Number of protein chains: 2
Amino acid sequence: MNESRIQQLREYLNQNGMKQTKQRDLIASTFFKTKKHVRIEELLQEVRKSEPNIGYVTVYRTLLLLKECGLAHQRHFGEGQSLFENAGEHHDHMICIKCGAITEFEDDRIEDLQEKVCESFNFKMVSHRHEIYGACSRCQKE
Amino acid sequence: MNESRIQQLREYLNQNGMKQTKQRDLIASTFFKTKKHVRIEELLQEVRKSEPNIGYVTVYRTLLLLKECGLAHQRHFGEGQSLFENAGEHHDHMICIKCGAITEFEDDRIEDLQEKVCESFNFKMVSHRHEIYGACSRCQKE
DNA sequence: ATAAACCTGAAAATGACTTTCAATATCGAT
DNA sequence: ATCGATATTGAAAGTCATTTTCAGGTTTAT
């Protein structure tokens, strides 16, 4: 199924007069294989295991590209660096302020109520973020 | 009622061996008088109408101070600069991606469900952010 | 195989803070 | 009201995480 994502990327490249390169292939496929959320720097370290000469900028640009074609989302939890998330079903996040662990959650009832709120304001929702910050169960014990 | 906030600030300063200065007074009272959300730069322009020599850094530090004593919240909508919000009851936000207008909303049912989600993950919530991005009613017409 | 268009990586530039530091102002004690 | 120890100020320098620039290097349609 990572194959189909690579395909999706290639189509996007073609349709936009962009070229397929080994760097893009490597970066994208590595991204699809990593855990759900990665920082640019982490992904860079990962791809350099295969191609030590790849530059930060290329990873950065490829991630923006994946974002453009809908295969990745960029998240800004708290401060500092942003995380890129493998696209998939929509989820919201719980972020542990102690250890940084990210847990995803989904609640249709919340989503419904959210829609209702928008209707009541005559607001047309395009996207949303719902993040809960606190202590994960592991960190509560310590 | 802005008076009571100024009082609150003074008490905090006293209790922490900090000093009351005319810059802090001006910046704080100006902040309390502005619209609910301001950027550092905007507040700087505002206070400079009374005191042209006030520096960016002083506004910045005063805002952090207000945040420390609970009189302001710092928000990071989208990218770029952060906004400081006059503290008050808790609200979530709807941000228009066209004109930037910010509307607040509150829904107890959502808050309840959020608590339930946390319980189910044994997660101890400290804070949360719930932001809806889209087009406000005014911008939908255009 | 060629040329036009696109990519790459290194380095420089940017934006939004944060920190440093010498000069100034504050406040409790006199 | 004056002192002096301590805190605050503003300008300038420093950080950090991207973003942009640019001189080669690749791709790909022909």
Side-chain angles (χ1 to χ4, degrees), chain A residues 6 9-28 30-31 37-48 50-69 72-85 100, chain B residues 6 9-31 37-48 50-69 72-84 100:
Chain A
I6 292 282
L9 171 60
R10 288 186 183 161
E11 276 168 36
Y12 183 84
L13 292 175
N14 263 317
Q15 289 168 4
N16 293 77
M18 299 166 105
K19 290 170 180 170
Q20 190 186 146
T21 65
K22 48 181 169 314
Q23 288 93 331
R24 282 180 177 161
D25 278 355
L26 174 62
I27 295 168
T30 306
F31 175 67
H37 305 85
V38 249
R39 302 166 199 291
I40 299 174
E41 204 62 55
E42 288 174 337
L43 187 54
L44 175 62
Q45 294 315 315
E46 200 54 33
V47 298
R48 277 189 173 161
S50 314
E51 287 289 336
N53 295 326
I54 285 197
Y56 172 96
V57 201
T58 304
V59 174
Y60 162 70
R61 280 184 289 221
T62 304
L63 247 8
L64 291 192
L65 174 64
L66 291 174
K67 183 174 144 188
E68 256 176 55
C69 61
H73 295 300
Q74 188 172 12
R75 307 276 178 207
H76 298 272
F77 299 135
E79 291 305 281
Q81 304 137 283
S82 56
L83 293 180
F84 284 83
E85 172 180 279
Chain B
I6 291 283
L9 171 60
R10 288 187 183 160
E11 275 169 36
Y12 183 84
L13 291 175
N14 264 316
Q15 288 167 4
N16 293 75
M18 299 166 104
K19 291 169 180 173
Q20 187 186 145
T21 66
K22 48 182 167 318
Q23 288 93 330
R24 282 180 176 160
D25 279 354
L26 174 61
I27 294 167
S29 62
T30 306
F31 175 67
H37 305 86
V38 247
R39 302 166 200 291
I40 299 174
E41 204 61 57
E42 288 175 337
L43 188 56
L44 175 62
Q45 294 316 315
E46 199 56 33
V47 297
R48 276 188 173 161
S50 314
E51 288 288 334
N53 296 325
I54 285 196
Y56 171 97
V57 202
T58 304
V59 174
Y60 162 70
R61 281 186 288 224
T62 304
L63 247 8
L64 290 192
L65 175 64
L66 291 174
K67 182 173 144 187
E68 256 177 55
C69 62
H73 295 300
Q74 189 172 12
R75 308 279 179 205
H76 298 271
F77 298 135
E79 290 305 279
Q81 304 137 286
S82 56
L83 293 179
F84 284 83

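Naming: A, B, ... by sequence-line order, numbering from 1 per chain. Only a predicted model underlies this, so the values are computations on that prediction, with no experimental measurement involved.
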How many whole angstroms separate atom CZ of B:Arg10 from atom P of C:dT26? 13 Å
Is any side-chain heavy atom of A:Gln74 closer than 4.5 Å to a side-chain heavy atom of A:Leu83? no
Rounded to the Å, how far apart are A:Arg75 CZ and D:dT18 C1'? 19 Å
Pairwise side-chain contact, A:Val59 with A:Glu41, heavy-atom cut-off 4.5 Å (strictly under): no
Would B:Gln81 and B:His76 count as a side-chain contact (heavy atoms from CB on, under 4.5 Å) here? Give the steps. CA-CA 7 Å; B:Gln81 304 137 286; B:His76 298 271; over 6 Å; no
B:His73: what forms a ring pair (Phe, Tyr, Trp, His ring centres under 6.0 Å) with it, not counting sequence neighbours? none
Treating B:Arg24 as the side-chain partner and B:Lys19 as the backbone partner, does any N or O pair qualify as donor plus acceptor under 3.5 Å? yes
What bend angle does the helix from C:dA1-D:dT30 to C:dT30-D:dA1 show across its length, from five-pair end axes and to the nearest 10 degrees? 30°
According to ring pair (Phe, Tyr, Trp, His ring centres under 6.0 Å), who are the partners of B:Tyr60, at least two apart in sequence or on a separate chain? none
A:Glu51 CD to C:dT8 P, in whole Å, measures 12 Å
Looking at C:dG9, I'd like to know if its phosphate oxygens (OP1 or OP2) sit under 4.0 Å from a side-chain N or O belonging to A:Gln23. yes
Counting just side-chain N and O atoms, does A:Arg24 come under 4.0 Å of either OP1 or OP2 of C:dC6? no
In whole Å, I'd like the distance from the NZ atom of A:Lys22 to the P atom of D:dT26. 6 Å
B:Phe31: ring pair (Phe, Tyr, Trp, His ring centres under 6.0 Å) partners, not counting sequence neighbours: none
Using only heavy-atom distances, determine whether the side chains of A:Thr30 and A:Glu46 contain a donor-acceptor pair under 3.5 Å. no
Trace of the side-chain contact (heavy atoms from CB on, under 4.5 Å) decision for B:Leu13 with B:Leu65: CA-CA 9 Å; B:Leu13 291 175; B:Leu65 175 64; 3.8 Å; yes
Interatomic distance where CD1 belongs to B:Ile27 and C1' belongs to D:dT8 [whole Å]: 11 Å
For every nucleotide of nucleotides 15-23 of chain C, 5' to 3': is a protein heavy atom under 4.0 Å from its base (B), only from its sugar-phosphate (S), or from neither (-)? -SBBBB---
Can a donor-acceptor pair be found between the side chains of A:Tyr12 and A:Glu68 at a distance below 3.5 Å? yes
Check the pair B:Phe84 / B:Arg39 against side-chain contact (heavy atoms from CB on, under 4.5 Å), numbers first and verdict last. CA-CA 6 Å; B:Phe84 284 83; B:Arg39 302 166 200 291; over 6 Å; no
Here the distance between atom C1' of D:dA11 and atom CD1 of B:Ile54, to the nearest Å, is 15 Å
Are any protein N/O atoms closer than 3.5 Å to N/O atoms in nucleotides 27-30 of chain C? If there are, list each pair with its distance.
from: C:dC27; atom 1: OP1; to: B:Gln20; atom 2: N; distance (Å): 3.3

Separation of D:dA17 P from A:Leu44 CG (nearest whole Å): 14 Å
Expressed in angstrom and rounded to an integer, what is the separation of A:Phe77 atom CZ from D:dA17 atom P? 17 Å
